[in-house]
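Within every chain, numbering begins at 1; the chains are lettered A, B, ... in the order of the sequence lines, protein sequences first and strands thereafter.
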There are 2 protein chains.
Amino acid sequence: MAYHHGNLREALIERAAEVIAERGIEALSLRALARDLGVSHAAPSAHFPDRRALLCALAREGFRRSVDTMNAGAEAAGPDPVARYRALGRSYVQFARDNPSYFRAINHPEVEALQDDELQESRDAWVATLREGVEIAQAAGWHPEIDVETLLAFSCAGAMGAARLLTDSTWCSMFEVEDLDALADSVLDLVVHRSRTSVIPIPEDQRRVS
Amino acid sequence: MAYHHGNLREALIERAAEVIAERGIEALSLRALARDLGVSHAAPSAHFPDRRALLCALAREGFRRSVDTMNAGAEAAGPDPVARYRALGRSYVQFARDNPSYFRAINHPEVEALQDDELQESRDAWVATLREGVEIAQAAGWHPEIDVETLLAFSCAGAMGAARLLTDSTWCSMFEVEDLDALADSVLDLVVHRSRTSVIPIPEDQRRVS
DNA sequence: CCTTCGATCTTGACAGCGACAAGATCGCCT
DNA sequence: AGGCGATCTTGTCGCTGTCAAGATCGAAGG
């Protein structure tokens with residue numbers, strides 16, 4: 001065994017993601033992480049001064065990956081601005097369900113209370129992604145009567161609320177829906193439901209309302 | 001000083017709410033709580049077997065109070081079903097902003113992961129309150145074309161997302177809005193914006209879109 | 001009255017954790 | 001060769017949650 005682990009920082013993040021996905025952020029311990037990786041209890045401190053710093057790194061990675069996922073989803077949605085906007089929200093929810101550890105890190109109160117410039121940059125990038133989608137859709141004639149800031153705030157609230165609802169079995173089980181994916185689509189469809197009146201109509205086969 | 005505190009259980013909840021409001025759930029410690037109240041470090045265990053049980057009690061109280069606040073808001077909104085529905089969401093956001101400690105307890109992942117029948121009852125009551133508002137509004141002709149489960153899920157996601165956005169300064173500061181209350185109204189207005197096309201139109205002076 | 005019993009509170013102890021300090025080991029650069 | 005910074009180790013501290021065993025109180029019943 002080498003004295004230097006060699007890649008401890010990334011190994012910590014990777015193992016932390018596993019633990020969080022399995023047992024939640026509350027069960028995350030720097031010492032246990034060090035044990036799992038076969039290093040001494042204080043080794044992580046060389047890379048993360050404290051527990052919060054590790055969670056912060058997780059959250060930053062989560063924001064970065066979710067932005068990538070959202071952009072890829074928008075790209076795959078084709079040229080229609082409203083379809084791209086829809087895809088942004090949909091992709092975020094999908095990311096949240098596929099990556100519970102990053103999603104939990106992003107939304108954990110301990111991380112939220114953290115004042116960190118780099119973390120705030122990551123958050124800004126996430127909002128900017130959504131803002132771009134809103135602005136492009138609006139420029140194409142989507143709800144010109146509504147203030148863009150209001151539309152953006154609504155989009156953020158909708159995406160965050162939907163992701164929260166659909167990643168937590170406690171909440172999901174309260175709705176009489178068998179297919180979780182169908183519910184996800186329905187919620188996100190409603191978020192942009194008003195686009196039915198936009199200059200670019202939603203194709204019939206993409207509507208979820210009957 | 002009496003050997004028995006006399007009202008330790010409620011005193012613990014009250015003090016815990018203060019600490020959470022000031023420094024967050026992460027800063028909550030049973031021992032510190034006991035010190036603050038002048039009892040021994042293990043006294044709380046007579047009322048709460050572990051830390052989670054205390055948070056669970058906080059969350060239950062939070063659900064109970066928020067339901068009361070929502071119902072009171074709906075009552076004050078008058079007879080119109082859509083106005084009452086609007087008031088439900090609005091009142092919840094107001095409750096979240098007025099009672100950060102209860103709101104944080106409700107939404108903390110440590111509490112969410114908790115499987116507790118009584119807690120689930122409280123959650124059910126909260127959803128039932130929203131469900132009743134949706135059903136009554138729909139019975140009055142509000143969006144008959146949309147499945148009630150979908151409308152409910154959307155209402156939950158909207159209320160939770162809006163409350164989350166508007167109780168966290170980190171997120172609030174990202175929107176170019178000076179007046180937080182105006183943003184809250186705008187977000188919630190958009191949630192029910194589609195009611196413009198309902199059989200019961202929203203009064204002109206209640207619309208936030210220009 | 002007084003005894004018993006359950007609820008409540010105390011004292012004591014233990015392991016795990018985050019954090020800090022001091023020192024050891026390694027790769028790298030001059 | 002030698003220094004230097006990054007990385008890792010060992011040791012320690014106080015704090016926390018949790019458990020166990022015992023003390024105190026109020027109330028209920030003989």
Side-chain angles (χ1 to χ4, degrees), chain A residues 1-20 22-59 104-105 108-116 119, chain B residues 1-20 22-59 104-105 108-116 119:
Chain A
M1 165 96 65
Y3 189 86
H4 282 62
H5 180 280
N7 204 9
L8 184 55
R9 183 189 161 90
E10 293 175 16
L12 282 168
I13 292 182
E14 187 177 350
R15 178 65 188 143
E18 291 177 15
V19 172
I20 292 174
E22 290 171 8
R23 296 182 293 142
I25 284 188
E26 325 304 322
L28 189 69
S29 137
L30 288 179
R31 288 177 105 106
L33 238 48
R35 275 195 301 271
D36 291 349
L37 298 177
V39 294
S40 73
H41 64 202
S45 68
H47 303 276
F48 304 103
D50 57 11
R51 195 186 118 104
R52 289 181 167 187
L54 173 58
L55 290 177
C56 182
L58 261 295
R104 289 174 185 168
H108 198 273
E110 194 172 344
V111 174
E112 261 171 4
L114 205 57
Q115 295 194 357
D116 180 276
L119 177 60
Chain B
M1 165 93 68
Y3 187 86
H4 282 62
H5 180 280
N7 204 10
L8 183 56
R9 183 188 160 89
E10 292 175 15
L12 282 169
I13 292 182
E14 187 177 349
R15 179 63 187 144
E18 291 177 15
V19 172
I20 293 173
E22 290 169 8
R23 296 181 293 144
I25 283 188
E26 325 304 323
L28 189 68
S29 138
L30 286 179
R31 289 179 106 105
L33 237 46
R35 276 195 298 272
D36 291 349
L37 299 177
V39 294
S40 73
H41 65 201
S45 68
H47 304 276
F48 304 103
D50 57 9
R51 195 187 120 105
R52 288 181 167 186
L54 173 58
L55 291 177
C56 180
L58 261 294
R104 288 174 186 171
H108 199 272
E110 195 172 342
V111 175
E112 259 170 7
L114 204 57
Q115 294 194 358
D116 181 275
L119 177 60

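Atoms CZ (B:F48) and P (C:dA7) sit 16 Å apart, rounded to a whole Å. We find that CZ of B:R52 is positioned 19 Å from P of D:dT16, with the value rounded to whole Å. As a whole-Å value, the separation of B:L12 CG from C:dT8 C1' is 12 Å. Regarding B:L37, its CG atom lies at a distance of 11 Å from the P atom of C:dT10, rounded to whole Å. In this structure, CG of A:L33 is placed 13 Å from P of D:dC8, rounded to the nearest angstrom. Distance, B:R9 CZ to C:dA7 P: 14 Å, rounded to whole Å. In this entry the distance linking CG of B:L54 with C1' of D:dT16 reads 15 Å, nearest Å. Atom P of nucleotide C:dA19 and atom CZ of A:R51 are separated by 9 Å, given to the nearest angstrom.
One distance of note links CG of A:L28 with NE2 of A:H108; it measures 9.5 Å at 0.5 Å rounding. Atom-to-atom distance recorded for B:L58:CG and B:I20:CD1 is 4.5 Å, nearest 0.5 angstrom. Here B:R23 contributes atom CZ and B:E18 contributes atom CD; the two are 11.0 Å apart, rounded to the nearest 0.5 Å. Once rounded to the nearest 0.5 Å, the distance linking NE2 of B:H41 with CZ of B:R31 reads 5.0 Å.
Side-chain contact of A:E10 with A:H47: a donor-acceptor pair under 3.5 Å is absent, judged by distance alone.
Listed by first and then second residue, the salt bridge (charged side-chain N to carboxylate O under 4.0 Å, His left out) pairs involving residues 33-51 of chain A are A:R15-A:D36, A:R51-A:E110 (not counting sequence neighbours).
Here A:R35 reaches the OP1 or OP2 of C:dC17: one of its side-chain N or O atoms lies under 4.0 Å away. Under 4.0 angstrom from either OP1 or OP2 of C:dG18 there lies at least one side-chain N or O belonging to A:S29.
When heavy atoms are screened at a 4.0 angstrom cut-off, A:R31 is found touching base atoms of the nucleic acid.
A distance-only check finds no donor-acceptor pair linking the side chain of B:R52 to the backbone of B:L114 [under 3.5 Å].
Near-neighbour residues of DNA chain C inside residues 39-46 of chain B, defined by a heavy atom below 4.0 Å, number-ordered: B:V39, B:S40, B:H41, B:A42, B:A43.
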